[in-house]
Undergrad: 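Just passing along the structure, written as structure tokens.
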4 protein chains.
Amino acid sequence: MANSKYEYVREFETDDKLLRNVYILVRIDGKGFHKFSAAHEFTKPNDIRALNLMNHAARSVMHELDDILIAFGESDEFSFLFRKSTDLYQRREAKIVSTVVSLFTSAYVYYWSDYFQDSKRPLYPPVFDGRAVLYPSEVEVKDYFAWRQADTHINNLFNTSFWALVEKGGLTPKAAEVRLSGTDSKDKNEMLFTEFNTNYSKLPAIFRKGSVLLRGSIPKDMAKDAIIPTLPETLPGSTYADAAPSTEPSAQSDGPATATEPEVTQRDSGGDNKRQYRGDDDDNDDDELDSDGAEAKEDDNKGSRKLGDGVDEKRPALKRIKKGVVIEHIDIIGEKFWTGAGAYILAPEKKKKLKTKK
Amino acid sequence: MANSKYEYVREFETDDKLLRNVYILVRIDGKGFHKFSAAHEFTKPNDIRALNLMNHAARSVMHELDDILIAFGESDEFSFLFRKSTDLYQRREAKIVSTVVSLFTSAYVYYWSDYFQDSKRPLYPPVFDGRAVLYPSEVEVKDYFAWRQADTHINNLFNTSFWALVEKGGLTPKAAEVRLSGTDSKDKNEMLFTEFNTNYSKLPAIFRKGSVLLRGSIPKDMAKDAIIPTLPETLPGSTYADAAPSTEPSAQSDGPATATEPEVTQRDSGGDNKRQYRGDDDDNDDDELDSDGAEAKEDDNKGSRKLGDGVDEKRPALKRIKKGVVIEHIDIIGEKFWTGAGAYILAPEKKKKLKTKK
Amino acid sequence: MANSKYEYVREFETDDKLLRNVYILVRIDGKGFHKFSAAHEFTKPNDIRALNLMNHAARSVMHELDDILIAFGESDEFSFLFRKSTDLYQRREAKIVSTVVSLFTSAYVYYWSDYFQDSKRPLYPPVFDGRAVLYPSEVEVKDYFAWRQADTHINNLFNTSFWALVEKGGLTPKAAEVRLSGTDSKDKNEMLFTEFNTNYSKLPAIFRKGSVLLRGSIPKDMAKDAIIPTLPETLPGSTYADAAPSTEPSAQSDGPATATEPEVTQRDSGGDNKRQYRGDDDDNDDDELDSDGAEAKEDDNKGSRKLGDGVDEKRPALKRIKKGVVIEHIDIIGEKFWTGAGAYILAPEKKKKLKTKK
Amino acid sequence: MANSKYEYVREFETDDKLLRNVYILVRIDGKGFHKFSAAHEFTKPNDIRALNLMNHAARSVMHELDDILIAFGESDEFSFLFRKSTDLYQRREAKIVSTVVSLFTSAYVYYWSDYFQDSKRPLYPPVFDGRAVLYPSEVEVKDYFAWRQADTHINNLFNTSFWALVEKGGLTPKAAEVRLSGTDSKDKNEMLFTEFNTNYSKLPAIFRKGSVLLRGSIPKDMAKDAIIPTLPETLPGSTYADAAPSTEPSAQSDGPATATEPEVTQRDSGGDNKRQYRGDDDDNDDDELDSDGAEAKEDDNKGSRKLGDGVDEKRPALKRIKKGVVIEHIDIIGEKFWTGAGAYILAPEKKKKLKTKK
């Protein structure tokens with residue numbers, strides 16, 4: 001860069017490296033999404049298109065950043081957990097947070113029309129903010145995700161009850177709020193059942209439990225790829241980038257549960273389906289996105305895909321497959337998850353002492 | 001929020017409020033844009049579509065965040081200066097940085113097809129990162145922007161020379177680099193003139209000087225609105241959101257200079273065209289995007305605009321007009337700018353002592 | 001240091017450099033001094049020995065750290081203002097704060113017996129804590145010191161009234177508190193005057209206004225040295241180290257005001273006695289204490305002064321004289337101070353741009 | 001405090017709370033101790049008086065701050081490890097660091113004359129600085145102390161060799177340095193043995209291994225108190241404050257090893273002498289020093305001790321006894337220590353979840 005006499009202004013930059021050897025949690029939130037959802041007439045209390053778009057964006061983040069172990073999303077927020085030993089951007093806080101937020105936002109706008117198929121783009125650009133929090137121990141990590149899922153439950157039960165009273169019961173919003181004030185979970189469950197013939201526990205798990213994004217292996221039978229919601233659609237130049245959306249939203253026409261839940265029920269069984277996750281230390285450098293790009297470009301060449309047009313037969317490169325991300329809607333409160341499907345998350349990392357920089 | 005037994009994990013969040021009463025500078029950078037520009041076949045050494053899209057995204061950021069005084073962009077980076085007394089998000093660093101980066105990224109993807117008109121969206125979602133730097137005094141602020149513009153000059157002169165050698169001179173990139181090594185500005189200027197018949201100083205100012213985004217008043221003659229590149233196109237629901245792009249890129253078909261420079265030459269004259277800028281303290285709260293949204297919705301009602309369709313006669317609400325942002329390509333190195341067009345930027349703020357929170 | 005395989009633990013150290021070009025204010029406070037003063041039977045409401053010892057310790061800090069422009073003390077607290085451009089310890093926060101606190105504490109214990117002459121040392125080691133605060137502008141610096149002096153006034157008026165009621169009026173502490181609750185300054189002044197024949201404004205200024213430590217020149221007439229409380233008593237090995245205390249406390253037998261206030265009244269006149277202060281950039285390195293020590297030793301040799309006895313013909317080295325610190329008890333609320341005796345404090349520093357480290 | 005219009009300046013104070021649930025390590029270092037030791041003619045390469053004074057000061061710190069688990073000292077530095085869950089000063093960094101440094105400095109000056117018996121106080125006030133480092137895991141804690149003890153070994157072997165060459169071998173410092181350059185541990189050991197008849201491994205452990213301060217129980221037999229170097233000598237008003245020093249230094253006349261090492265050999269045996277340490281959660285509040293003082297005052301009353309005079313029969317309060325600190329000179333590199341005498345240090349803390357503040 002210009003080595004001018006003005007360059008001293010760089011001295012005002014501060015070092016914001018995060019403490020080593022602790023978990024880094026990045027949580028992002030939609031800004032002004034009350035208005036955004038109203039403007040776009042999101043279905044109340046949950047809009048499956050919006051939730052799937054959130055999940056798609058989160059998966060894009062996990063595809064790019066290998067050191068994310070798990071993500072959890074509900075409503076307009078998403079949490080991403082980085083492994084303790086990540087050296088992504090030398091653990092610089094602003095770099096990490098801004099990259100996650102930018103990736104997420106970018107994917108959200110990018111894939112919008114795949115989920116809201118009657119519009120090319122939203123009415124105006126949506127915005128998310130984010131922050132990083134450090135968690136030193138496994139206990140806190142478990143409790144963090146339990147906190148978010150408990151929040152999902154409480155909010156969704158309230159919202160489901162509220163909108164039942166308003167949309168089916170004919171109450172004003174004000175009256176519905178009064179009616180619900182002071183009620184506990186049992187009260188609301190019962191009200192839904194007796195007054196609105198709704199068995200809350202039978203509602204789609206994505207609404208009740210939020211979405212859990214895990215690292216998973218792609219089944220050996222590659223033919224299954226087409227229906228697995230872990231397509232490497234963020235691959236630059238990948239044919240899947242365009243192919244994926246048309247598959248997914250149409251699958252959703254059968255209802256959200258069928259599109260995503262088959263995986264869930266299978267995986268909900270616990271201990272015997274532990275995954276293997278191997279973080280790829282080798283591409284955690286500052287140019288990650290570039291280096292991924294390099295791969296991507298190769299894919300592109302192999303894939304002979306052309307800008308602007310459609311589908312192509314070629315498979316994504318093998319490396320990407322290792323990074324498969326599966327979306328589930330399961331309980332993450334309680335040990336069952338952390339010893340089962342989530343066992344790889346808190347497993348001790350290969351002991352690799354930090355080296356002193358010369 | 002769920003007031004569960006897990007909520008203690010919030011105690012691990014840290015307070016990241018930035019020091020008060022100093023300038024906050026947020027700089028964002030494209031990640032992996034070397035690859036991104038290659039993948040999308042950006043014109044070398046400058047792609048006017050890409051630069052205009054950057055400017056459009058930056059203007060969107062300034063439209064939303066009233067406390068930004070000036071922005072400067074070149075290549076794939078943009079710098080935003082917040083006024084000293086901003087209390088945006090209570091000066092929380094992560095909130096400020098992530099919001100700026102998200103807004104910018106969102107707008108970049110959102111308006112992509114208005115500038116790259118043959119494609120609906122880029123090949124893959126682009127990503128930016130960002131960081132905040134604090135500058136206590138006016139001297140550093142001036143020198144910061146001088147640093148960036150000096151960088152623009154040096155890089156652009158090198159790139160112009162390099163690509164002339166490669167594309168017109170037939171040299172390999174390697175050979176071009178060798179040829180240029182050790183040369184100074186004068187050497188490169190002369191080479192461009194004698195060998196490639198190029199008068200460097202006549203190249204479009206946007207390439208040589210980057211882009212300066214300033215707060216400006218909209219001329220009283222509202223009919224001029226159509227040609228002023230400060231349309232409030234980020235207004236949610238505004239008819240201008242869709243109208244603007246079709247205007248702008250077509251204007252660019254006459255070349256970048258004509259589209260944006262008339263303003264520049266007029267304004268380049270200095271002292272007599274000082275602008276008045278009044279920061280709107282009243283909407284710097286945490287819900288800025290929401291509250292803007294509230295206005296926007298009003299506009300929407302007035303404008304009777306419909307999702308997905310086109311143009312409309314109604315004017316944007318008056319308040320937005322005050323926030324006009326003009327894009328110029330002028331010298332910001334030297335006092336002339338800071339006493340002329342930029343005089344409002346470092347003008348003393350109304351003395352308003354910070355209040356102690358109770 | 002041992003370059004062992006364990007040395008990687010240093011990587012957990014964080015960079016705590018304070019923002020450049022802003023004032024650094026370090027404030028220290030006695031810990032548990034309510035108890036400490038009770039245990040040592042400090043006179044109520046003010047113990048002149050304790051205040052003079054505080055001032056002595058603060059002066060030692062200013063003798064060692066040239067970049068401190070002014071200090072202000074009251075009760076068991078002291079504030080030290082560093083100039084904006086200080087590069088002491090590369091502005092590392094922990095280094096700066098811990099050094100000031102350690103220096104102060106060390107001197108407090110060291111000089112104890114010079115002020116509390118019937119005891120070799122306190123009953124137990126006293127403790128202070130400290131913190132740094134950054135102030136970007138002159139306005140805040142003035143208001144900071146105004147805040148502390150207003151605090152001095154309010155506390156001292158209350159304490160004076162309280163102890164008058166208890167010690168002279170025979171009230172219980174409880175009753176005294178009840179009596180004072182709801183009273184304003186005027187009420188207390190009047191009560192002191194009518195009930196206890198005390199004209200509050202005639203009490204020693206050190207009680208009412210606290211102590212202001214300023215950089216000052218030593219008068220040319222060196223004979224005056226003996227009575228100037230700016231003896232370089234922290235000089236290692238200097239005879240002044242021991243000489244000073246014996247002078248000072250005995251002077252105090254005439255009451256605190258006479259010992260220190262003649263200076264004050266003279267200097268209180270304002271504009272015509274501006275001091276000249278030239279920060280010594282050259283010895284702000286990491287080894288400051290060492291290098292000062294080195295000088296000091298030289299002085300000692302040259303001066304051939306003798307430990308334990310009184311006056312001596314040799315002058316201290318010239319450099320030390322420049323660092324003279326004078327103690328005053330004057331108003332620092334209001335412009336008179338900042339344009340008069342304190343004018344050097346906020347005077348613009350010689351423009352010296354920060355250099356970029358290679 | 002004064003709730004004046006100036007109080008807004010407090011808003012510039014920043015929150016410096018350290019991350020929860022990680023170990024806090026505070027390391028302090030003497031400033032300019034090369035000069036300080038020369039000025040006071042410290043014995044080379046080790047001065048047992050100076051080392052014992054350092055240990056005494058460190059023990060004072062541990063007596064006041066119950067959450068320190070272990071301390072390690074060598075030369076002019078000391079490291080203090082706080083337990084993960086400490087809430088001392090709400091984990092505010094500046095408070096913690098400055099308090100430790102102040103306590104240490106205060107005690108160092110306070111007890112000086114007990115170790116350097118021919119002088120009332122040093123030639124000038126000594127100064128220490130300090131800093132905090134966070135360590136998330138047990139591995140790093142072990143490696144931290146291994147790092148410091150390895151440093152002790154390397155430095156002491158070098159210094160012992162260097163001063164043997166200079167003081168016994170008659171070499172100039174320059175020549176001694178040349179002689180030692182390039183030698184390894186074995187070379188130095190051999191040189192000491194063959195040329196200076198010195199078996200390095202027989203030198204006092206305090207020189208070779210530094211000093212380890214551990215929490216220990218006071219033997220039930222209270223009569224032993226007199227010889228245990230864990231007397232609560234910092235107790236305000238305690239008779240032990242004065243009694244202790246006269247005991248200790250005289251014990252040292254037998255050589256440092258006998259005074260402190262009997263403990264060592266016994267405790268060096270490992271597993272069977274695990275200590276029990278119970279952190280006293282209840283007095284970790286902001287007023288720790290005060291509340292300790294409250295106890296102390298009680299002692300004082302009971303003990304009817306008078307300022308300045310001597311010995312008294314009364315025992316210190318029981319609570320203090322629990323806080324016994326023992327000084328050892330043992331290996332802390334390797335598992336033997338951490339499963340033996342040091343086992344309590346890294347033992348899991350009683351699970352006590354942090355509570356959310358309302």
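Values below: all heavy atoms of this structure, side chains included; hydrogens, waters and symmetry mates excluded. Here the structure is a predicted model, which is why all the values come from computation and not from measurement.
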Undergrad: Quick one: pull up CD in A/E64 and OH in B/Y124 and give me the separation to the nearest 0.5 Å.
TA: 8.5 Å
Undergrad: Using side-chain heavy atoms (C-beta onward) and a distance below 4.5 Å, is B/P125 in contact with A/Y108?
TA: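 No; the side chains remain at least 4.5 Å from each other.
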Undergrad: Can you tell me which residue among A/T99, A/V100, A/V101 is in a side chain to side chain contact (heavy atoms under 4.5 Å, CB included) with B/V127?
TA: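 Testing B/V127 for a side chain to side chain contact (heavy atoms under 4.5 Å, CB included) against A/T99, A/V100, A/V101 leaves exactly one candidate, A/T99.
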Undergrad: Check for a donor-acceptor pair, side chain of A/Y135 on one end and backbone N or O of B/F12 on the other, with a separation under 3.5 Å.
TA: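 Pair absent, no side-chain N/O of A/Y135 close to backbone of B/F12.
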Undergrad: Could you tell me which non-hydrogen atom of A/V9 sits nearest to which non-hydrogen atom of B/E140, and how far apart they are?
TA: CG1-O, 3.8 Å
Undergrad: Can you list everything that forms a side chain to side chain donor-acceptor pair (under 3.5 Å) with B/R27? Sequence neighbours excluded, please.
TA: A/E13, B/Y144
Undergrad: Given a strict heavy-atom distance threshold of 4.5 Å, which part of B/I28 is in contact with chain A: side chain, backbone, both, or neither?
TA: neither
Undergrad: Could you state the interatomic distance from CZ (A/R121) to OH (B/Y111), rounded to the nearest 0.5 Å?
TA: 6.5 Å
Undergrad: Taking B/S106 for the side chain and A/P126 for the main chain, is one N or O donor matched with an acceptor at less than 3.5 Å?
TA: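 Such a contact is found between B/S106 side chain and A/P126 backbone.
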Undergrad: Could you work out, with side chain to side chain donor-acceptor pair (under 3.5 Å) as the rule, every residue matching A/S98, not counting sequence neighbours?
TA: none
Undergrad: When you check the gap from the basic side-chain N to the acidic O, do A/D129 and B/R92 get nearer than 4.0 Å?
TA: no
Undergrad: Quick one: pull up CD in A/Q149 and OH in B/Y6 and give me the separation to the nearest 0.5 Å.
TA: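 The distance works out to 9.5 Å.
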Undergrad: Between B/K31 and A/S102, is there a side-chain heavy-atom distance shorter than 4.5 Å?
TA: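 Side-chain contact under 4.5 Å: no.
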Undergrad: Locate the shortest heavy-atom distance separating B/R131 from A/T14; write the atom from each residue and the value.
TA: NH2-O, 2.8 Å
Undergrad: Please classify the contact of B/V109 with chain A as side chain, backbone, both or neither, using a heavy-atom distance under 4.5 Å.
TA: both
Undergrad: Using non-hydrogen atoms and a 4.5 Å limit, figure out which bit of A/L25 sits close to chain B: side chain, backbone, both or neither.
TA: neither
Undergrad: Quick one: does any side-chain atom of A/Y8 pair with a main-chain N or O of B/D143 as donor and acceptor, under 3.5 Å?
TA: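 No, A/Y8 side chain to B/D143 backbone: no donor-acceptor pair under 3.5 Å.
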